[in-house]
Amino acid sequence: MLRVYNTLTGNKDLFEPMVPGKVRMYVCGVTVYDYCHIGHARSALVFDVLRRYLEYSGLAVEFAKNFTDVDDKIIKRANEQGVSCERITTTYIQAYYDDMDKLGVRRATLEPRATAHIADIIALVEILVAKGMAYRVEGDVYFQVDRYPVYGRLSKRKMDDLQAGARVDVDERKRHPMDFALWKGSKPGEPSWDSPWGPGRPGWHIECSAMAMRHLGETFDIHGGGMDLIFPHHENEIAQSCGATGKEFARYWVHNGFVQINQEKMSKSLGNFFTIREIFDKSEWPDAVTGEMLRYFLLSTHYRSPLDFSDQSLAEAKNALNGFYDLFDRLKETAPDRGSADLPLRETMGRARQAFVDAMDDDLNTPSAVAALQKLRGDTNKALDAGLSGDTRRLVREEFRRVGAVLGLLQSDDWQFKSQPKRTASGTSAGEKAGLSDEEIGAKIAARLAAKQSKNYKLADQLRAELASQGVTIEDRPDGTSRWKR
RNA sequence: GGCGCCGUACCCAAGUGGCUAAGGGAGCAGUCUGCAAAACUGCGAUGCGGCGGUUCGAACCCGCCCGGCGCCUCCA
């Protein structure tokens, strides 16, 4: 049984969906005004894996992830570039999909956009106004936090503490410094919709409440996002949603930790961020390989811990993955009908799967889950040395594929070993590697084999060196033939 | 000022009261190999930031200290 850390309770709670067999989850997506960075990748990946694991556990998952497509930053960006807001949001939604596809992040089952839910938003604000929990100031509508007595229960903050930290430029028209905008009257030139309070646009927090309720119901199971959303975003969502319905909003609140650069938070304001596409562009490996490297890297730390990004950590992920794909190559070799390690390995597979499930059940402990796969890799290599039948080889490869699918790893049939490295802009090491075709490599290997058979090791080594200079590595089999990889 | 997090070997990273402190990467040595590569075997923290305390027993609980970080403002 899965236990997840619930920010609301501060505990690892046993996860039990409201409706047996069915999970409804909502994750705060991105504001589409710029390219996504690795932090967005981490968040998307964490919830992608949560979703995959819930499905693996036999649950049907209804997964909503929104696009915030009306917002101050979008308006600002549109004005800077002299284009419409639609132009900006369309561009970056597409960029988001491109990036997420490369990372292997599956699409959510629902991807609502704020601008498509204005009526829901207005209806929700009207309820809050009618209940006396919101008030109008000119064209704006504010949520009145002191009308929601348990405000602060998610972030464990007291109203008094919050006052002390309130910003200098508090809007004097607000009744309480922490009151927040539900509806903003729009200035000329800004996107606007008609409302009972005049032309305007939604505040940031209200859209998530309205869309989550529209698609998942007033109460649903899981609500997720980055740690930084706990306050004020999710706190405000709770206040306005629970305020409006009188019911609990989300039951489990799940938050992922940050990606850091040199122990520091990565963020736009600090300017120390890497975009996802920048990482792919810089990589010397094909996109599929780079994507898996990134996934492995991002999952090798527990989702709530800070994670330091560096070229070295990516390279380590690559090396770790090479080990799996080396094994898969070995498993593809022709094999006898029976092997002495067949039965023991099948038992080992069962234990490995249990270890994997136990790790994932413990608040999505992906590092421990990956360790279980690594353990199985070692055991399988040993079994291979001892003797493994073709059937068992296929079986264990399928096991890696099935369990790896939960993490979105180990699915490839031609790792970088057999695909052409792409040329980098600089045309250096990786560019040179791209030289030889499979046929040319095959010819050189055949020539080397002939040289070996005639004990002309000098020529054989020369041919191997030529291949090596093109980035091709040879592995000789016991029977004298060779396999190769780039 | 308020709330909270982190500090485990060269690097990454699990473990949070009780057998020999997972796993990976890198390194070194060995087996195999014509030599390599891959694989396998072995080595690698008497120790878990420091000092005290609780306990039969602590990396795990408590206190203090040192170091680093986050939120309180848009932010995954």
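Reminder, nothing fancy here: chain letters follow the sequence lines and each chain counts from 1.
- The base of B:rC5 lies outside donor-acceptor range of the side chain of A:R304, with no N or O pair under 3.5 Å.
- For the salt bridge (charged side-chain N to carboxylate O under 4.0 Å, His left out) test, no residue two or more places apart in sequence or in another chain qualifies with A:K265.
- For A:E475, the salt bridge (charged side-chain N to carboxylate O under 4.0 Å, His left out) partners are A:R483, A:K485, not counting sequence neighbours.
- Contact between the side-chain N/O atoms of A:T301 and the OP1/OP2 oxygens of B:rA13 is found at a separation under 4.0 Å.
- B:rC12 atom P lies 23 Å from atom OH of A:Y303, rounded to whole Å.
- In this model, the phosphate group of B:rC40 is approached by a side-chain N or O of A:N381 to a distance below 4.0 Å at OP1 or OP2.
- Contacts between residues 313-325 of chain A and RNA chain B, defined by a heavy-atom separation under 4.0 Å, are made by A:E316, A:N319, A:A320.
- A search for salt bridge (charged side-chain N to carboxylate O under 4.0 Å, His left out) contacts involving A:D358 returns nothing, not counting sequence neighbours.
- Applying the salt bridge (charged side-chain N to carboxylate O under 4.0 Å, His left out) criterion to A:R52, with sequence neighbours excluded, gives A:D48.
- With sequence neighbours excluded, the residues forming a side chain to side chain contact (heavy atoms under 4.5 Å, CB included) with A:Q260 are A:Q263, A:P306, A:D308, listed by chain and number.
- Taking atom P on both B:rA13 and B:rG2, the two are 31 Å apart, rounded to the nearest angstrom.
- Within the cation-pi definition used here (under 6.0 Å to the ring centroid, within 45° of the axis), A:K102 qualifies as a partner of A:F280.
- Scanning residues 222-230 of chain A for heavy-atom distances under 4.0 Å to RNA chain B yields A:G225, A:G226, A:D228, A:L229.
- Remark on RNA chain B: of its neighbouring residues A:K452 and A:Q374, the 5'-side contact belongs to A:Q374, judged by nearest-heavy-atom nucleotide.
- With a 3.5 Å limit on both pairing distances and Watson-Crick or G-U wobble geometry required, the stems of 3 or more pairs in RNA chain B span B:1-7 with B:66-72, B:10-12 with B:23-25, B:27-31 with B:39-43, B:49-53 with B:61-65.
- Take A:W253 and apply the ring pair (Phe, Tyr, Trp, His ring centres under 6.0 Å) test, not counting sequence neighbours, and it matches A:H223, A:H234.
- Listed by chain and number, the residues in a ring pair (Phe, Tyr, Trp, His ring centres under 6.0 Å) with A:Y252 are A:F15 (sequence neighbours excluded).
- Among residues two or more places apart in sequence or in another chain, the side chain to side chain contact (heavy atoms under 4.5 Å, CB included) test is passed with A:A460 by A:R448, A:A451, A:K452.
- For A:E80, the side chain to side chain contact (heavy atoms under 4.5 Å, CB included) test picks out A:K76, A:R77, with sequence neighbours left out.
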